[in-house]
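Take a look at the structure below.
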Amino acid sequence: MKLANTVVILDFETTGLSPDNGDRAIEIGAVRIENGQITDRFQELMNPGRRINSFIEDYTGITNNMLKTVSSCADVMTRFHQFIGDDNLVAHNASFDKRFLDAEFKRLNLDYSGSFACSLLVARRIYQQAPDHKLGTLVRYKGLDAKGDFHRALFDAEMTTKLWLIMLEDMSERYNLAQVSFDMITKLSKKSKSSIGAFLNAQ
DNA sequence: TGCCAGGCCCTCTTTAGGGCCTT
């Protein structure tokens with residue numbers, strides 16, 4: 001199977017669920033894969049300029065003390081902008097990470113040209129029998145090696161990467177595809193569950 | 001004081017509601 005596309009798989013930890021309500025990023029983790037191999041990684045904590053609440057401290061393990069001495073969101077996101085370049089992007093529940101990426105970049109007048117794909121939407125289509133489609137559940141469901149802490153940015157990005165690669169492999173095998181392109185996956189994500197078999201068989 | 005996310009997707013649907021996912 002050939003995986004021609006280079007993608008950056010990313011994950012944010014944040015102060016909450018909504019940048020429109022003032023929530024900010026506190027950590028970004030990302031993995032670059034080229035031809036199915038990990039070629040680069042990015043992980044940085046960032047200081048959102050205010051205290052984070054105890055729920056987020058407990059949920060992520062990231063404490064206010066840890067954020068005291070780290071770079072500002074502006075500095076980290078500027079470096080992350082350089083890291084992603086023009087690559088396409090993947091995240092688990094991408095609509096969440098895209099909102100924070102867009103909000104943090106907007107504050108810096110930064111733009112990017114890559115498109116987003118969502119591993120959650122793909123998993124809901126090709127693993128319809130999974131107990132649910134949370135990242136941790138899917139990692140266990142597929143028997144992927146998971147040594148580390150969920151809800152930290154780089155670890156979740158690494159787990160999403162493993163899930164992404166096994167999904168490409170499963171699609172390739174199940175539908176006898178020589179190549180699974182990023183474009184094909186984004187199209188698949190918009191198909192109804194009942195029509196994906198016909199869609200992939202037609203590739 | 002009272003407000004409190006948003007997109008996807010299913011169904012007892014489309015003049016709507018609620019569960020799933022992300023922090």
Side-chain angles (χ1 to χ4, degrees), chain A residues 7-31 42-67 70 73 76-77 80 84 89-107 115-142 144 146 148-164 166-167 185-199:
Chain A
V7 297
V8 169
I9 298 175
L10 62 94
D11 183 71
F12 276 106
E13 304 306 317
T14 70
T15 63
L17 291 171
S18 175
D20 291 341
N21 279 1
D23 286 320
R24 299 295 303 272
I26 57 174
E27 188 180 41
I28 177 70
V31 173
F42 187 103
Q43 180 179 37
E44 282 203 57
L45 291 166
M46 60 191 110
N47 190 324
R50 58 186 176 82
R51 291 182 62 80
I52 59 175
N53 65 41
S54 59
F55 172 81
I56 296 297
E57 283 191 321
D58 292 343
Y59 187 78
T60 64
I62 298 168
T63 65
N64 282 293
N65 206 35
M66 291 165 67
L67 297 178
V70 301
C73 292
V76 173
M77 292 309 297
F80 189 63
I84 64 173
L89 306 168
V90 172
H92 199 68
N93 199 13
S95 68
F96 174 86
D97 293 279
K98 182 178 189 302
R99 279 203 304 280
F100 277 93
L101 186 72
D102 290 353
E104 294 294 343
F105 278 178
K106 187 178 179 184
R107 290 170 176 267
S115 298
F116 260 96
C118 177
S119 55
L120 169 66
L121 295 184
V122 176
R124 278 181 177 160
R125 283 161 176 77
I126 68 170
Y127 301 139
Q128 296 181 27
Q129 66 279 35
D132 62 53
H133 299 87
K134 294 181 178 74
L135 179 60
T137 302
L138 290 166
V139 165
R140 286 189 295 276
Y141 178 71
K142 294 303 298 179
L144 303 175
D149 296 319
F150 280 105
H151 309 306
R152 285 300 300 268
L154 182 59
F155 184 77
D156 281 5
E158 300 259 14
M159 292 303 103
T160 305
T161 300
K162 290 185 178 187
L163 175 64
W164 185 251
I166 199 77
M167 288 198 298
I185 293 169
T186 54
K187 285 179 181 170
L188 175 141
S189 299
K190 294 168 186 165
K191 300 287 179 187
S192 69
K193 285 181 182 177
S194 58
S195 70
I196 62 158
F199 170 75

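Any value given below was found using the heavy atoms of this structure, including those in side chains, with hydrogens, waters and symmetry copies removed. Letters go in sequence order (proteins before strands), and every chain restarts at 1.
Rounded to a whole angstrom, the distance from the C1' atom of B:dG19 to that of B:dT1 is 30 Å. Using atom P as the reference point in both B:dC12 and B:dC20, the two lie 16 Å apart (nearest Å). Using atom C1' as the reference point in both B:dT23 and B:dC4, the two lie 15 Å apart (nearest Å). The gap from the C1' atom of B:dG18 to that of B:dT13 amounts to 12 Å, rounded to the nearest Å. To the nearest whole angstrom, the two C1' atoms, one in B:dA16 and one in B:dG2, are 26 Å apart.
Map A:Leu135 and A:Ser18 each onto its nearest nucleotide of DNA chain B; the residue landing nearer the 5' end is A:Ser18. Each of A:Thr60 and A:Ser95 was assigned the nucleotide of DNA chain B with the nearest heavy atom; the assignment lying further toward the 5' end belongs to A:Ser95.
At the heavy-atom level, A:Asp97 lies nowhere under 4.0 Å from the strands shown. Residue-level contact check: A:Asp23 touches neither bases nor backbone, having no heavy atom under 4.0 Å from any strand. Using a 4.0 Å heavy-atom cutoff across all strands shown, A:Ile26 reaches no nucleic acid atom at all.
Between the side chains of A:Tyr141 and A:Gln129, at least one donor N or O sits under 3.5 Å from an acceptor N or O. Using modelled atom types, one finds a donor on one side chain and an acceptor on the other under 3.5 Å when comparing A:Asp23 with A:Thr15.
If you check B:dT23, B:dC21, B:dA5 against the side chain of A:Arg99, the one that comes closest is B:dA5.
Applying the side chain to side chain donor-acceptor pair (under 3.5 Å) test to A:Arg152 and every residue at least two apart in sequence or in another chain returns A:Glu27. Judged as a side chain to side chain contact (heavy atoms under 4.5 Å, CB included), and not counting sequence neighbours, the contacts of A:Val139 are A:Leu135, A:Leu144, A:Ala146, A:Phe150, A:Met159. Legend: residues meeting side chain to side chain contact (heavy atoms under 4.5 Å, CB included) with A:Ala30, ordered by chain and number and at least two apart, are A:Val8, A:Leu10, A:Phe42, A:Phe80, A:Phe83. Every residue meeting the side chain to side chain contact (heavy atoms under 4.5 Å, CB included) condition with A:Thr14, not counting sequence neighbours, appears here in chain and number order: A:Phe12, A:Phe96, A:Phe100. For A:His133, there are no ring-ring contact (aromatic ring centres under 6.0 Å, His included) partners, not counting sequence neighbours. In this structure A:Ala94 satisfies the side chain to side chain contact (heavy atoms under 4.5 Å, CB included) test together with A:Ala91, A:Phe116, A:Cys118, sequence neighbours excluded.
At B:dC21, none of the side-chain N or O atoms of A:His92 fall inside 4.0 Å of OP1 or OP2 (strictly under the cut-off). A close approach under 4.0 Å does not occur between any side-chain nitrogen or oxygen of A:His133 and OP1 or OP2 of B:dC20.
In this entry the distance linking CZ of A:Phe12 with C1' of B:dA5 reads 16 Å, nearest Å. Regarding A:Asp20, its CG atom lies at a distance of 18 Å from the P atom of B:dT23, rounded to whole Å. For A:Phe100 and B:dT22, the CZ to C1' distance is 9 Å, given to the nearest whole Å. Distance CG (A:Leu120) to C1' (B:dC20): 8 Å, rounded to an integer number of Å. Here the C1' atom of nucleotide B:dA5 and the CG atom of A:Asn93 are 11 Å apart, to the nearest Å. The distance between atom CG of A:Leu163 and atom P of B:dT22, rounded to the nearest whole Å, is 11 Å. Rounded to a whole Å, the NZ atom of A:Lys134 is 13 Å from the P atom of B:dG19. In this structure, the NZ atom of A:Lys98 is 20 Å from the P atom of B:dA5, given to the nearest Å.
Using a 4.5 Å heavy-atom threshold, the side chains of A:Glu13 and A:Asp11 count as touching.
For residues 92-101 of chain A, the set of pairs meeting the salt bridge (Lys or Arg N to Asp or Glu O under 4.0 Å) definition, not counting sequence neighbours, comprises A:Lys98-A:Asp102. Within the structure, the side chain to side chain donor-acceptor pair (under 3.5 Å) test picks out the following pairs touching residues 153-162 of chain A (sequence neighbours left out): A:Arg41-A:Glu158.
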Sort me out a list of protein N/O and nucleotides 9-14 of chain B N/O pairs below 3.5 Å, or just none if empty.
unit_1, atom_1, unit_2, atom_2, d
B:dC9, OP1, A:Arg125, NH1, 2.7
B:dC9, OP1, A:Arg125, NH2, 2.2

Look for any protein N or O under 3.5 Å of an N or O in nucleotides 2-4 of chain B and output each such pair with its distance, or none.
none

Show the atom names and distances, to 0.1 Å, of all donor-acceptor pairs under 3.5 Å that link a side chain in residues 191-198 of chain A to residues at least two apart or in another chain.
unit_1, atom_1, unit_2, atom_2, d
A:Ser192, OG, A:Ser194, OG, 3.4
A:Ser192, OG, A:Ser195, N, 3.4
A:Ser192, OG, A:Ser195, OG, 3.1
A:Ser195, OG, A:Ser192, N, 3.4
A:Ser195, OG, A:Ser192, O, 3.1

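The shortest heavy-atom contact between A:Ala117 and A:Trp164 is CB-CH2, 3.8 Å.
Within residues 42-56 of chain A, the residues that place at least one heavy atom under 4.0 Å from DNA chain B are, in residue-number order, A:Phe55, A:Ile56.
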